[in-house]
Visitor: 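Okay, handing you the structure first.
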Amino acid sequence: MHAVGRFIRWVFIALGAVLVVWAFADVLTREVSRFAEDTAGTRLRILFWGDNRERAIIDELIAAYEEANPGVEVEPLHAADFDTKLKTMLASGDPPDAFYMPAERLFGSMSEQGLLLDLDPYAAAEGDAWLDRFYPQLIDSFRWNEETHRSGAGPLYGIPKGFTTTVCYVNLDLFEAAGVPVPYDGWTWDEYADAVAKIQALGTVPDRPTRPVYGGVIQTWDWVLMSHVWTFGGDYFAGDFTDPTVDDPRTLEALQFLYDRRFEDGTVYNATGIAQAEDELFRLGQVGIIGAMGRWKVPTYRQVEFRWDVVPTPHQNIPETVSPIVTVCWSISAESEHPDETWELLTFLCGPRGQALIAELGLEIPSLRAVAESESFHAEGMQPANSPLFIEMLETARPIQWPLQQEFTRFLNEEMQNQSLRLAEQTPAQAAARVESRWANLLESPLKDPDLPPMPWRTLTISLGVLVLIALITAVLLARRQKLGRIDATEERTGWSFVGLWVAGFLLFTLGPMALSLLLSLTSWEATGPLSAARYVGIGNYERVFSPDESFDKSVRVTLYYTLLAVPITQILAIAVALLMNLSVRGIGIFRTAYFVPSVVSGVALVTLWITIFDNTRGILNAAITWTLDHSLNPLFDLLNIGNGAGETLVLTAPDWFGTDSRWFASPALVIMTTWGVGAAMVIYLAGLKSVPRSLHEAACLDGAGPLRRLWNVTLPMISPIIFFQVVMAIIASFQIFTQAFVIRGATGGIGNTNPDLLFYVLNLYDEAFRFHNMGYASALAWVLFAAILALTLLIFKGSKGLVHYEGLR
Amino acid sequence: MSDHAPNTRAVEAELSGRTTPARLALRYSLLIFGAVLLLIPFLWLVTGSLKTDQEISNLSQWFPETPQWGNFIESLEYMGLRLPEWAANALGGTPHPDLWIPRFPALANTIVVTTIVLVLQVLSSAIIGYGFARFRFRGRSITFMVMLATMMLPYQVSMIPVFLLFRQLGWIDTLLPLIVPFAFGQPFFIFMFRQFFMQIPHDLHEAAKIDGASAWRTFWQVMLPLTKPVIAIVAIYSFMFTWNDFLAPLIYLNSPEQRTLAVELNSFNGQYGVEHRELLLAASLITMLPCVVIFFAAQRYFVDSGAASGLKT
């Protein structure tokens, strides 16, 4: 047995060694060849997003382009986290030559700041008819008017690569079963309400009694909801962006319609927490109508078993329905050193060949008319039969326009989409009033004043440097005045020689960036332009932190709640598991690995996993909770006749973690996620337990101490330095919890959703920095958190003096 | 310190694993209960990686009808694996006739970065942690606090400043930003090393000193071997952090051939969500496998009671 184990170990070591050698050889040869490579040719860098199929398309086009243009080399940069990547590149003054730009966000503020190249001269050089080959509505979407802060007219800043309008997808089988005519020629929202009621009345999918039917699905991402308002003849803004019309009667009618369908008749499906993706429900044949939605679902829906088609979105109060234009373009950086070559590349990427590939992918509609209207895109017999509708919708379609201050969408998401339309905690009218007042408050903020002075970088940097220098010199002088014995001096030198490595690293890599972020907290800076664009606001950002602000207050409360739960629970569990793992029983090695394995799951996989587990109706967690309750407490309540206060027997149900119960259950859910990775913390405690001298246990045992007493009087004091370390680290980490919350928030309704119960401090900070472009305010938030954690840590260090036992302390 | 306690048979029995069948049963049932609880979600990951696209949408179906072993090769090819003809014939997948050994730049990069960082980080953190634990010098506690404080500023606001710094150094699109900063210790590990070093009885240090060993020699020859368990843990942690780090490679690397596994894994997340969950799960399972192997291999070092023997003075 032993020999086999050793053999396996050697095989693993040999395998590992081979892999390491191979990896180093591979990387070294590449780096050497890269170094030797002549850089005479033109190098263009383009940044884009998309799945692997889109990457393959771009790679194919680049290969073809490079073949046709020797001397030009194109470097494709693909970023799953596009905004972060683009912003760091822009802020460092090293933007890619060309990049994707979505019309509804980023595009406006980037055009306004002069970061994009005016493409009109280049397009004109191609000939008069060149731009006419594209749909004019799309070209207009990328013309930016600085006066009105809207698109539609002005210089051209992008060439559209594709687009979609929105329509409703209908399940023809359910329509037939419910006896509802298919509204190919358009319909009103009243007819829609009638149709969803009839479909809902079917109960279950014909021949599939386990699958309930939902009349309709209306998604509520910010721009989808806005287009829903348009179809009622309403809008969020009438004139410029200073005076919103969210409380306009037609706007409210649209929102109230949705509210009533969800909460009054229940004919429109409403996922409060994590539930089966709405479009997955459609794919399983359980939804009558889903929409308004874009073209991107067509490739997936082509695989379903029932008959389906697309119809126009309903309308009310206006003669014809309206669709938003969802489009993405290629833009060229104003800083590009090779604008001519980049333009050349863009015409190729957006040319017939690239467009044909996009058409083949099917997620969006090509922006070139010839390709979009070609046979291959609307082939006979290909679903949806009514495919030309997407292009017909372009007639009356409007571009999606938001105020440049993205906070407006935050207010809408928080008040309307979340508190009203998802959780029914306020009516649309109440939500509208709150959106209006929060927006008015924001516009008054002095931090948004365009006349602020530029940031005096030089003066502030120099004064900060002088301050640091003075502090250092004083410290050294004070140290020299104090006389030390010979041994102490030696010990001091040795000590610094060990610690000096860290000091060097700190000075080289950490101090500078920290100081810069401190200076940034004194500015108003959007982080999309260079540092020189920052404006000086003094302590304005800090004033804003300490003035009443709902998002900030909420984020503090949520973070404290999480920390209070997470730190004790995870640490106690980790110690308990470590004690368990310290038992000497057969096969403990296997158990240790089993307990450790969950903590290695990370990234997208972790997210995919937990979304499945926390699913309200089908997740294993709630299934287990429901089963347990139904076999324990609920029968007991029934037996003892315990009421719920309304005259009925109390029945406990599983929580809607991130939905209606999220106020108390969202943080615990994240604690559960964290506890799943208990293995990582357990390992450290285990090492601590192993280093407790056995002689101490033996002595205690001889004194007649039982296992519990030994745990309390020997084990815990001996591992107290480890407990101390873990608790301090856990507190620092809990205050900064980000990734899990970020990801779960994305899962409960897309990027637009803002579940206030998941708005942790750093999440709020991230939103401010990267969604609302307030890097200065975000930096101030960061430094306030820094001060709070530091104060708490110092307190813990002071308070733990008598509690932590160091064997080797002197 | 204390004399060796006289080992009576009762004490020996109490402290060693020998115990009554009832208690043994209790121990096993506890162990198994916890393991099952933790492994159920993991099981879903494993079976999910073997399903078809249709099957994975159906949450109530736990096992695939026929396991799709091809998912593993397909997902790796998504992430940039190129197989020569002989390997493709053996494993399935697309053959690339111009190759004679497999090409997988993401894996090579990740291995190179992880290996170097692991070695540098363990060594530097041990040295620094020892310095904080063993020597008395003026400025020690304030330096220690400053070191801890560097962890308290959310990285979201220092991300852009750090990027500016590496750009000044000309390190963008090289592996250097992923490696060099870690040669100077990492606060989390330094703190951990300090705590364990402080737990080593002071007499041991004094004994070495009397023998005439220099501080550095004492560290290398006496102290470092004593902290094998901590080294093993820091190695595991360091390996996992570096292996799974997604943000740093995303920001500092541009060229496709410089990408790491974590970045490739993240690109399964498309514009409209994860389209091929089964491939993502397959890729994740393969990617996390080295972490599990490393743990399994390293655990003998931190559970080996021999390592603690030096403490039994």
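Lettering follows sequence order; numbering is per chain, from 1.
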Visitor: Give, as side chain, backbone, both or neither, the part of Phe163(B) having an atom under 4.5 angstrom from any heavy atom of chain A.
Guide: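 Just the side chain, heavy atoms under 4.5 Å.
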
Visitor: Pick one of side chain, backbone, both or neither for Ile251(B), based on which atoms fall under 4.5 Å of a heavy atom in chain A.
Guide: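 Answer is both: backbone and side chain atoms of Ile251(B) are under 4.5 Å from chain A.
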
Visitor: Between CE of Met775(A) and CD1 of Ile160(B), what distance do you get to the nearest 0.5 Å?
Guide: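 Separation between the atoms: 3.5 Å.
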
Visitor: Which heavy-atom pair separates Leu609(A) from Pro41(B) by the least distance, and what is that distance?
Guide: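 Closest heavy-atom pair between Leu609(A) and Pro41(B): CD1-O, 3.3 Å.
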
Visitor: Hey, which of Leu785(A), Leu19(A), Ile13(A) has the most heavy atom pairs under 4.5 Å with chain B?
Guide: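 Most heavy-atom pairs within the cutoff with chain B belong to Leu19(A).
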
Visitor: Measure across Thr494(A) and Ala215(B) and return the closest heavy-atom pair with its distance rounded to 0.1 Å.
Guide: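 Minimum heavy-atom contact is CG2-CB, 3.3 Å.
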
Visitor: Tell me, for Leu511(A) versus chain B, whether the close heavy atoms (under 4.5 Å) come from the side chain, the backbone, both or neither.
Guide: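 Contact with chain B: none, neither part.
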
Visitor: Counting heavy-atom pairs closer than 4.5 Å to chain A, which one of Phe246(B), Phe219(B), Tyr155(B) comes out on top?
Guide: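 The residue among Phe246(B), Phe219(B), Tyr155(B) with the greatest pair count is Phe219(B).
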
Visitor: Assess whether a salt bridge exists between Arg140(B) and Glu491(A), defined as any Lys/Arg side-chain N lying under 4.0 Å from an Asp/Glu carboxylate O.
Guide: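 Salt bridge flag = no for Glu491(A) with Arg140(B).
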
Visitor: For His78(A) and Arg259(B), what are the C-alpha separation, side-chain angles and deciding distance, and is it a side-chain contact (heavy atoms from CB on, under 4.5 Å)?
Guide: CA-CA 10 Å; His78(A) 171 268; Arg259(B) 295 156 151 273; 3.2 Å; yes

Visitor: As a quick check of understanding, evaluate side-chain contact (heavy atoms from CB on, under 4.5 Å) for Val499(A) and Met147(B), giving each step before the final call.
Guide: CA-CA 11 Å; Val499(A) 175; Met147(B) 185 200 77; over 6 Å; no

Visitor: Pick one of side chain, backbone, both or neither for Val230(B), based on which atoms fall under 4.5 Å of a heavy atom in chain A.
Guide: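 No part of it gets close to chain A.
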
Visitor: Please find the pair of heavy atoms, one from Gln736(A) and one from Pro154(B), that lie closest to each other, and give the distance.
Guide: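 So the minimum-distance heavy-atom pair works out to OE1-CA, 3.4 Å.
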
Visitor: Counting only N and O atoms by type, is there a donor-acceptor contact under 3.5 Å from the side chain of Arg592(A) to the main-chain atoms of Phe296(B)?
Guide: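 No, because the side chain of Arg592(A) does not come within donor-acceptor range (under 3.5 Å) of the backbone of Phe296(B).
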
Visitor: Would you kindly say whether Ser255(B) and Glu75(A) are connected by a side-chain donor-acceptor distance under 3.5 Å?
Guide: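 Present: a donor and an acceptor within the cut-off.
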
Visitor: Less than 4.5 Å to any heavy atom of chain B: does that hold for the side chain of Ile732(A), its backbone, both, or neither?
Guide: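 For Ile732(A), the side chain is the part near chain B, not the backbone.
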
Visitor: Where does the angle between the aromatic ring planes of Tyr28(B) and Phe591(A) fall among parallel (under 30°), tilted (30 to 60°) and perpendicular (over 60°)?
Guide: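 Plane angle between 30° and 60°, so tilted.
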
Visitor: Heavy-atom distance under 4.5 Å to chain B: side chain of Ser779(A), backbone, both or neither?
Guide: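 Its backbone and side chain both get close to chain B.
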
Visitor: Is it the backbone or the side chain of Thr115(B) that comes under 4.5 Å from a heavy atom of chain A, or both, or neither?
Guide: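 Only the side chain of Thr115(B) comes within 4.5 Å of chain A.
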
Visitor: Below 4.0 angstrom, N of the basic side chain to O of the carboxylate: do Arg138(B) and Glu492(A) qualify?
Guide: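 Judged by the 4.0 Å cut-off on N to carboxylate O distance, Arg138(B) and Glu492(A) do form a salt bridge.
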
Visitor: Side chain of Tyr766(A), backbone of Gln156(B): donor and acceptor closer than 3.5 Å?
Guide: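 No; zero donor-acceptor contacts below 3.5 Å.
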
Visitor: Using heavy-atom distances under 4.5 Å, tell me whether Glu257(B) contacts chain A through its side chain, its backbone, both, or neither.
Guide: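 Contact with chain A: backbone and side chain both.
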
Visitor: Determine whether the side chains of Tyr806(A) and Gln195(B) contain a donor N or O and an acceptor N or O closer than 3.5 Å.
Guide: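 Gln195(B) and Tyr806(A) do have a side-chain donor-acceptor pair below 3.5 Å.
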
Visitor: For the residue pair Phe184(B) and Phe509(A), is the inter-centroid distance of their aromatic rings smaller than 6.0 Å?
Guide: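 Centroid separation for Phe184(B) and Phe509(A): below 6.0 Å.
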
Visitor: Are Phe498(A) and Trp216(B) an aromatic pair by the rule of ring centers under 6.0 Å?
Guide: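 Here the rings of Trp216(B) and Phe498(A) have centres that are less than 6.0 Å from each other.
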
Visitor: Select one option (side chain, backbone, both, neither) describing which atoms of Thr143(B) are under 4.5 Å from chain A's heavy atoms.
Guide: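 Both parts, backbone and side chain.
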
Visitor: Report which part of Phe770(A) has an atom under 4.5 Å of a heavy atom belonging to chain B: side chain, backbone, both, or neither.
Guide: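 The side chain, not the backbone.
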
Visitor: Looking at side-chain heavy atoms only, is the closest gap between Val601(A) and Leu45(B) below 4.5 Å?
Guide: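 They are in side-chain contact.
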
Visitor: Between Arg103(B) and Asp26(A), is the closest basic N to carboxylate O distance under 4.0 Å?
Guide: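 Looking at Asp26(A) and Arg103(B), the cut-off is met.
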
Visitor: I'd like to know which of Val678(A), Asp94(A), Thr510(A) tops the heavy-atom pair count under 4.5 Å against chain B.
Guide: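 Between Val678(A), Asp94(A), Thr510(A), the count favours Asp94(A).
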
Visitor: What part of Val146(B) is in contact with chain A, defined as an atom under 4.5 angstrom from a non-hydrogen atom: side chain, backbone, both or neither?
Guide: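 Interface part for Val146(B): both.
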
Visitor: Shorter than 4.5 Å, heavy atoms on both sides: which option in Phe182(B), Trp243(B), Phe104(B) has the most such pairs with chain A?
Guide: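 Highest number of heavy-atom pairs under 4.5 Å: Phe104(B).
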
Visitor: Is it the side chain or the backbone of Met151(B) that comes within 4.5 Å of chain A heavy atoms, both, or neither?
Guide: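 The answer is both parts of Met151(B).
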
Visitor: Determine the option with the most heavy-atom pairs under 4.5 angstrom with chain B, choosing from Phe735(A), Trp783(A), Phe506(A).
Guide: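 Top count of heavy-atom pairs under 4.5 Å with chain B: Trp783(A).
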
Visitor: With only heavy atoms counted, which part of Phe797(A) is less than 4.5 Å from chain B, the side chain, the backbone, both or neither?
Guide: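 Looking at Phe797(A), just its side chain touches chain B.
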
Visitor: I'd like to verify something: which residue of Ala475(A), Ala778(A), Ser497(A), Ala788(A) has the highest number of heavy-atom pairs under 4.5 Å with chain B?
Guide: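 Max contact count across the listed options: Ser497(A).
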
Visitor: Please state whether the side chain, the backbone, both or neither of Ala262(B) comes within less than 4.5 Å of a heavy atom of chain A.
Guide: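 Looking at Ala262(B), nothing touches chain A.
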
Visitor: Quick check on Ala782(A) against chain B: is it the side chain, the backbone, both or neither that has a heavy atom closer than 4.5 Å?
Guide: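 Interface part for Ala782(A): both.
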
Visitor: Highest number of heavy-atom pairs under 4.5 Å with chain B: which of Lys87(A), Arg283(A), Met718(A)?
Guide: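 Heavy-atom pairs under 4.5 Å are most numerous for Met718(A).
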
Visitor: Enter the distance from Met192(B):CE to Ile722(A):CD1 here, rounded to the nearest 0.5 Å.
Guide: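 Rounded to the nearest 0.5 Å, the CE-CD1 separation comes to 8.5 Å.
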
Visitor: What part of Leu765(A) gets within 4.5 angstrom of chain B, counting heavy atoms only: side chain, backbone, both, or neither?
Guide: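 For Leu765(A), the contact with chain B is made by the side chain alone.
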
Visitor: By a 4.5 Å heavy-atom criterion (distance strictly below it), what part of Leu508(A) contacts chain B: side chain, backbone, both, or neither?
Guide: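 Answer is both: backbone and side chain atoms of Leu508(A) are under 4.5 Å from chain B.
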
Visitor: Under 4.5 Å from any heavy atom of chain B, what part of Ile789(A) do you find: side chain, backbone, both or neither?
Guide: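 For Ile789(A), heavy atoms of backbone and side chain both lie under 4.5 Å from chain B.
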
Visitor: Identify which of Thr593(A), Val577(A), Ile719(A) forms the greatest number of heavy-atom pairs closer than 4.5 Å to chain B.
Guide: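 Option with the greatest count: Thr593(A).
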
Visitor: Keeping the roles fixed (side chain from Lys690(A), backbone from Pro229(B)), state whether a donor-acceptor pair exists under 3.5 Å.
Guide: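 Such a contact is absent between Lys690(A) side chain and Pro229(B) backbone.
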
Visitor: Which bit of Ile101(B) comes within less than 4.5 Å of chain A, counting heavy atoms only: side chain, backbone, both or neither?
Guide: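 Looking at Ile101(B), just its side chain touches chain A.
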
Visitor: Does any backbone or side-chain atom of Trp22(A) lie under 4.5 Å from a heavy atom of chain B? Answer side chain, backbone, both or neither.
Guide: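 The answer is the side chain of Trp22(A).
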
